[in-house]
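A short worksheet on the structure shown next.
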Amino acid sequence: MRDFLTELLTAYWFAPPVALWRAVELRTATKEMYRHPLLDLGCGDGLVAQALFGPAQVDVGLDPWAAQVRQAARSGVYRRVQQADGHRLPYPDGAFATVFSNSVLEHIPDVAPVVREVGRVLTPPDPGRGEPGGRFIFTVPSDAFRRLLHFYQARRAMGDEEGAERYAAEMDQWLVHHHYHTPQEWADLLAEGGMVLEKARYYIPEPVEHLWDRMNRRFGLGRRSLWGLLASPRLRGLGHQRLLARWVVHRFSRAWRPYYEMDVPPGEVGGGLLVVGRRAH
Ligand SMILES: C[S@@+](CC[C@H](N)C(=O)[O-])C[C@H]1O[C@@H](n2cnc3c(N)ncnc32)[C@H](O)[C@@H]1O
């Protein structure tokens, strides 16, 4: 089994809670099969695909953000990188056997047209050859994300419903999350795009989301903090950052291991949701 926790703490040492969330995410995503041609929709800088697929293993990376596209091109993960928007994919019908999208759809306010575009570019099933349709594999924060936040629950436990709601709204704003669909709502959106829901699997169990929420505060993520200053990209290359990076990897790859390895108990929900849709016709 790959050790995504150590790999991601090494890559995201400047934001350790991000590494924790992403490591659990990749431990979940790595269980899926990714047939080629493979499109990474909203690929960002390519760090996540690098950890999941390795060098030159993804056919196309696509992102609307120019700076991210440049970094993705340098990452060596993609055979081709394109700057484009998910609302209008510059590919012919049926071009991909798999579309992968990690932590992207929650940032798109009107997501239905993007899901329809994905359905269009996936390969249709070929009953003559016994070939199933292409698959859309994506991760998003789940419908339980807000209520599993540590500080949301702490405020509610004190009877402060309004404070809890305000806290969750601040998190939505900081993380630029526009929606948290249920598995059934994703099934409906997939159906509009000619796909059927094959799987919806929760990850990030409650104790992991609690830790993640507390650690965001400890590291001062999302606000001005001493950590933010020490880890600032403007100070990259200075000797202290190498020491900080080493400390983060050493300390948290041990301390957070039990959380990294934790699964959502059967019948319960988690803060993350992995969804698999399959093109039906
Ligand atoms: C949180 S980042 C995730 C990046 C990468 N998938 C990862 O896991 O590290 C969200 C990405 O979605 C991209 N994105 C936002 N709106 C998009 C859209 N309409 N179509 C495609 N990508 C979009 C952003 O540019 C950004 O790179």
Side-chain angles (χ1 to χ4, degrees), residues 2 4-5 7-30 32 34 38-54 57-78 80-91 95-96 98-122 136-142 145 171-181 189 193 203-204 212 216 221-222 233 271-275:
R2 295 267 303 276
F4 288 116
L5 181 60
E7 282 184 43
L8 291 190
L9 283 166
T10 306
Y12 290 99
W13 64 268
F14 47 90
V18 174
L20 173 67
W21 188 285
R22 293 250 188 274
V24 177
E25 195 155 73
L26 290 191
R27 196 169 68 75
T28 311
T30 198
E32 297 303 319
Y34 298 85
L38 167 60
L39 166 68
D40 184 0
L41 172 65
C43 62
D45 57 14
L47 263 174
V48 158
Q50 169 95 48
L52 188 58
F53 303 112
Q57 291 304 308
V58 182
D59 299 284
V60 182
L62 173 142
D63 203 285
W65 185 356
Q68 296 289 86
V69 168
R70 279 195 296 275
Q71 283 197 42
R74 281 198 295 270
S75 71
V77 181
Y78 305 101
R80 188 151 60 102
V81 181
Q82 267 192 295
Q83 186 178 356
D85 193 291
H87 287 89
R88 239 180 307 153
L89 294 173
Y91 311 111
F96 295 97
T98 311
V99 176
F100 171 66
S101 192
N102 192 66
S103 298
V104 173
L105 301 186
E106 68 272 23
H107 303 295
I108 303 177
D110 183 15
V111 78
V114 176
V115 176
R116 283 199 296 272
E117 268 295 84
V118 171
R120 180 184 69 74
V121 302
L122 281 174
F136 183 20
I137 303 172
F138 62 91
T139 65
V140 282
S142 78
F145 174 82
M171 289 295 277
D172 295 344
Q173 203 178 357
W174 172 48
L175 297 165
V176 201
H177 285 174
H178 292 286
H179 45 74
Y180 302 99
H181 292 308
L189 283 160
Y203 59 94
I204 310 280
W212 174 81
N216 281 329
L221 302 189
L273 188 66
L274 177 127
V275 178

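Remember, it's 1-based here, ligands and their atoms both numbered in the order they're listed. In this chain, residues are counted from 1 in sequence order. What you are looking at is a predicted structure, and each value in this text was computed from that prediction instead of being measured.
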Given the side-chain rings of His178 and His107, with only the six-membered ring counted for Trp, is the space between their centroids under 6.0 Å? no

min-distance protein heavy atom vs atom 8 (O) of ligand 1 -> Asn102 ND2, 2.8 Å

Nearest neighbour in protein (non-hydrogen) for atom 19 (N) of ligand 1: Asp85 OD1, 3.1 Å

Pick from Ser103, Pro109, Ala84: the one approaching atom 1 (C) of ligand 1 most closely through a non-hydrogen atom: Ser103

Determine whether the side chain, the backbone, both or neither of Ser101 has a heavy atom under 4.0 Å from any heavy atom of ligand 1. neither

Among Leu62, Asp63, Leu26, Leu52, closest by heavy atom to atom 26 (C) of ligand 1 is Asp63

Do you know the tightest heavy-atom contact between Asn216 and Pro17? OD1-CB, 3.3 Å

In the protein, which heavy atom is nearest to atom 9 (O) of ligand 1, and how far is it? Val48 CG2, 3.5 Å

I need the minimum non-hydrogen distance between Ile137 and Leu274, along with the two atoms involved. CG2-CD1, 4.4 Å

Could you tell me which non-hydrogen atom of Ala72 sits nearest to which non-hydrogen atom of Tyr78, and how far apart they are? O-CD1, 3.6 Å

Testing the basics here: between Leu62 and Pro90, what is the closest heavy-atom pair and its distance to 0.1 Å? CD1-CD, 3.8 Å

My understanding is that we take every heavy atom of each candidate and find the minimum distance to atom 15 (C) of ligand 1. Doing that for Pro64, Gly44, Ala72, Ala67, which one comes out nearest? Pro64

State the atoms of ligand 1, each with its element, that fall below the 4.0 Å cut-off from a heavy-atom position in Trp65. 25 (O)

If only atom types and distance count, is the side chain of Arg27 paired as donor or acceptor with the main-chain N or O of Leu5 below 3.5 Å? no

Asp40 N/O under 3.5 Å from ligand 1 N/O: no

Who's the nearest protein heavy-atom neighbour of atom 12 (O) of ligand 1, and how far? Val104 CG1, 3.5 Å

How close does the nearest protein non-hydrogen atom get to atom 4 (C) of ligand 1, and which residue and atom is it? Gly42 O, 3.4 Å

Judged by non-hydrogen atoms, does Arg22 sit under 4.0 Å from ligand 1? yes

Under 4.5 Å between any side-chain heavy atoms of Ile204 and Phe145, yes or no? no

For ligand 1 and His107, I'd like to know whether there is a polar contact (N/O to N/O, distance under 3.5 Å). no

Return yes if some donor-acceptor pair links the side-chain N/O of Arg120 with the main-chain N/O of Leu89 below 3.5 Å, else return no. yes

For atom 20 (N) of ligand 1, which candidate among Gly86, Gly46, Ala66 holds the nearest heavy atom? Gly86

List the atom of Phe136, the atom of Ser101, and the distance in Å for their closest heavy-atom pair. CE1-CB, 4.0 Å

Option nearest atom 18 (C) of ligand 1 (shortest heavy-atom distance, choices Asp45, Val18, Val69, Ile108): Ile108

For the pair His179 (side chain) and Leu105 (backbone), establish whether a donor and an acceptor sit closer than 3.5 Å, ignoring hydrogens and angles. yes

